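Reading through the structure tokens given below for one structure.
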Amino acid sequence: MSDLLEFAQSDPGLLIGGEWREAHAGGRFAVLDPADGTELAKAADGSVHDAVDALDAAVAAQAAWAETAPRERGEILRAGYAGVTAHADEFARLISLEMGKTLAEAKGEVGYGAEFLRWFSEEAVRVHGRWMHAPAGGSRLLTMKKPVGPCLLITPWNFPLAMATRKIGPAIAAGCTMVVKPAELTPLTTLALARVLTEAGLPPGVLNVVTTSDSAALSKELMADDRLRKVSFTGSTEVGKILVRQSAGELQRLSMELGGNAPFLVFEDADVAAAVDGAMLAKMRNMGEACTSANRFLVHESVAEEFGARLAERMAALRTGRGQDDGVDVGPLINPDAVESIDQLVTDAVHDGATLLTGGKVPDGPGYFYPPTVLSGVPEDSQINGVEIFGPVAPISTFADEDEAVRRANGTEYGLVAYAYTRDLARTIRLAERLEFGMLGLNTGLVSNPAAPFGGVKSSGFGREGGFEGIEEYLSTTYVGIGVS
Ligand code: ADP
């Protein structure tokens with residue numbers, strides 16, 4: 001399958017009921033290279049009509065798929081894992097081309113993304129219920145798990161492979177069929193993944209893929225259909241709220257992985273060198289285009305200067321350029337709007353009194369580049385501390401004590417992930433208890449792991465992906481009361 005790249009770029013169309021076919025209206029939209037804005041490929045522009053066909057196919061396949069042996073579903077996922085891994089270089093190239101990240105980062109995503117297929121291949125055979133005596137005696141209580149039914153899986157552009165596998169993996173394992181709707185900016189990786197999973201033995205209709213330039217219309221139509229039973233979404237809080245409202249009509253089950261505003265705390269007792277390493281990872285993974293990206297650096301006043309200087313030195317040494325070129329550390333951002341909004345946040349922060357330690361200047365075109373940037377002395381109420389930056393900018397503020405650090409860390413509508421560097425064991429426990437986030441990275445700048453439950457609280461959404469929890473999102477519980485007297 002050395003033609004996987006070629007396949008994804010050859011406008012294969014929509015995958016519906018096991019067939020690749022054109023959109024009904026025959027429309028296509030362009031997929032652009034963010035390094036220079038040129039066209040990489042065209043993708044089929046699926047309409048509401050196509051989406052309903054895809055749901056029809058998912059509904060038709062649901063009953064038989066739910067009855068397959070768990071081991072069979074697990075083996076298909078395992079073969080999918082092998083397929084993605086065997087084509088790691090092609091997947092990495094495709095991700096890098098359509099999304100912009102460097103090849104090294106894209107390879108990292110392939111490893112991470114494939115691992116969801118392996119993890120859920122193992123989870124497929126571990127779905128079980130319980131059997132108990134009713135507390136008052138006289139009957140027995142049996143619980144069993146069933147697939148929730150046909151799902152709509154909506155993925156974002158920042159991790160085109162991993163955000164797809166961490167929804168598709170558990171859906172397959174649980175016995176659900178699905179319609180996948182990739183981001184219009186990065187649809188190609190999903191097409192390649194669908195082909196690999198089909199070749200891994202997935203029966204027709206289990207996985208349907210509809211690419212479109214009009215996601216809103218498609219999801220609205222599908223969510224108004226009572227045959228759709230579940231929506232899993234990763235993207236902005238704004239769109240997540242629309243989908244939550246939309247789900248009220250037919251009461252679909254929901255998983256919502258939304259925005260973040262991760263605080264990165266460095267305490268006075270931290271290993272500052274390790275904190276800088278962690279900061280580079282937490283900030284620069286995916287060029288800062290991740291909901292887990294460290295958004296606000298809150299550093300104890302006694303170590304802030306040292307931390308800022310070291311971080312600025314590391315950030316200034318990074319080379320920006322086309323993600324597929326040798327020696328490049330930082331690729332382009334996804335589109336011109338991203339560059340403009342980040343530039344505005346930095347300009348405003350400087351206006352508010354922050355000091356630019358490195359970066360902060362948009363280079364001349366082509367491409368959507370923004371340089372790695374560090375700001376120190378950022379006032380607490382500066383806008384950059386209140387919004388998701390989604391780019392390579394590290395704003396540093398100081399705090400005086402742990403209470404202030406916790407208060408400021410929690411002072412956001414978001415609650416996805418927090419990071420903290422400290423060598424005080426008691427403090428780590430206090431932080432884990434007091435920080436209002438779904439995840440906490442202690443002395444590490446990377447929390448994402450297929451074996452761990454990823455997800456947030458507050459405006460970061462609800463539901464968990466990965467871990468033992470991940471498959472639960474695709475299962476419903478049936479309870480059977482049994483009289484025995
Ligand atoms: P981002 O800000 O990361 O681009 P979005 O929330 O806009 O995040 O997009 C995430 C996913 O949601 C993409 O697949 C996009 O096509 C889709 N999307 C955007 N708007 C809507 C909508 N109104 N209804 C359903 N899906 C949408």
Side-chain angles (χ1 to χ4, degrees), residues 14 29-32 34 43-48 50-52 54-55 95 98-101 151-168 178-191 193-194 208-225 228 230-250 252 254-261 286-293 295 332-342 345 368 387-391 414 416 456 459-461 463 465:
L14 313 171
F29 61 97
V31 183
L32 305 181
D45 199 358
S47 64
V48 165
D50 298 302
V52 173
L55 181 59
I95 292 169
E98 65 175 346
M99 187 277 168
K101 69 182 76 178
C151 305
L152 171 62
L153 311 179
I154 304 177
T155 58
W157 51 263
N158 60 345
F159 291 93
L161 181 72
M163 297 303 100
T165 55
R166 78 178 181 181
K167 297 183 192 305
I168 295 170
M178 66 209 83
V179 178
V180 181
K181 206 298 297 169
E184 58 274 34
L185 294 168
T186 58
L188 306 180
T189 303
T190 306
L191 302 177
L193 175 64
N208 305 279
V209 179
V210 181
T211 52
T212 181
S213 64
D214 191 357
S215 301
L218 251 74
S219 67
K220 193 163 176 226
E221 178 80 13
L222 293 187
M223 290 177 75
D225 192 318
L228 184 76
K230 157 98 195 170
V231 178
S232 177
F233 171 76
T234 299
S236 62
T237 296
E238 189 191 347
V239 173
K241 286 181 179 174
I242 295 173
L243 298 178
V244 171
R245 280 189 212 105
Q246 241 160 237
S247 73
E250 299 303 332
Q252 282 100 5
L254 298 174
S255 304
M256 290 281 143
E257 298 288 353
L258 310 177
N261 181 354
N286 228 37
M287 290 101 69
E289 292 177 314
C291 47
T292 51
S293 183
N295 210 57
L333 298 182
I334 192 70
N335 60 24
D337 291 352
V339 176
E340 198 179 312
S341 81
I342 291 165
L345 287 172
Y368 317 133
V387 298
E388 190 171 31
I389 303 169
F390 238 61
Y414 295 106
L416 187 61
S459 287
S460 293
E465 295 194 306

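Since this is a predicted model, take the numbers as computed values, not measurements. In listed order, ligands and their atoms are each counted from 1.
Heavy-atom contacts of Trp157 reach the following atoms of ligand 1: 1 (P), 3 (O), 4 (O) (cutoff under 4.0 Å). Listed by atom number, the atoms of ligand 1 under 4.0 Å from Lys181 heavy atoms are 13 (C), 14 (O), 15 (C), 16 (O). Contact atoms of ligand 1 toward Thr155: 11 (C), 13 (C), 14 (O) (distance under 4.0 Å to a heavy atom of the residue). Close approach of ligand 1 to Glu184 is summarised as follows: ligand atoms under 4.0 Å from at least one heavy atom of the residue are 15 (C), 16 (O). Atoms of ligand 1 lying under 4.0 Å from at least one heavy atom of Ile154, given by number and element, are 11 (C), 12 (O), 14 (O), 17 (C). Residue contact check: Ser215 has heavy atoms under 4.0 Å from atoms 15 (C), 16 (O), 17 (C), 18 (N), 25 (C), 26 (N), 27 (C) of ligand 1. Each of the following atoms of ligand 1 lies closer than 4.0 Å to a heavy atom of Ser219: 24 (N), 25 (C).
For atom 9 (O) of ligand 1, no protein heavy-atom neighbour is present inside the 4.0 Å cut-off.
At the shortest separation from atom 6 (O) of ligand 1 among protein heavy atoms lies Ser236 OG, 2.7 Å. Val239 CG1, 3.4 Å is the protein heavy atom nearest to atom 21 (C) of ligand 1. Here the heavy atom of the protein found nearest to atom 23 (N) of ligand 1 is Ala216 CB, 3.4 Å. Protein heavy atom in closest approach to atom 12 (O) of ligand 1: Phe233 CE1, 3.2 Å.
Here Leu243 has side-chain heavy atoms under 4.0 Å from ligand 1, and that is the only part of it that gets that close. Residue contacts with ligand 1, taken as heavy atom pairs separated by less than 4.0 Å, involve Thr234 solely via the backbone atoms N, CA, C and O.
A donor-acceptor pair under 3.5 Å is formed between the side chain of Glu98 and the backbone N or O of Thr189. Without hydrogens or angle criteria, Thr212 side chain to Asp214 main chain gives a donor-acceptor distance under 3.5 Å. Judged purely by atom type and a 3.5 angstrom limit, Glu289 uses its side chain to pair as donor or acceptor with the backbone of Ile334.
Put simply, no part of Phe390 is less than 4.0 Å from ligand 1, judged by heavy atoms.
No donor-acceptor contact under 3.5 angstrom links the side chains of Thr211 and Lys181, judged on distance only. Between the side chains of Ser255 and Lys230, a donor-acceptor pair is found at a separation under 3.5 Å.
Taking the side chain as every heavy atom from C-beta outward, Thr234 and Phe159 never approach each other to under 4.5 Å. Side chains of Ser47 and Asp50 form a contact here, defined as non-hydrogen atoms less than 4.5 Å apart. The shortest distance between side-chain heavy atoms of Glu184 and Trp157 does not fall below 4.5 Å. You'll find the side chain of Asn286 reaches within 4.5 Å of the side chain of Met99, heavy atoms only.
When all heavy atoms of Leu222 and Val179 are compared, the closest pair comes out as CD1-CG1, 4.3 Å.
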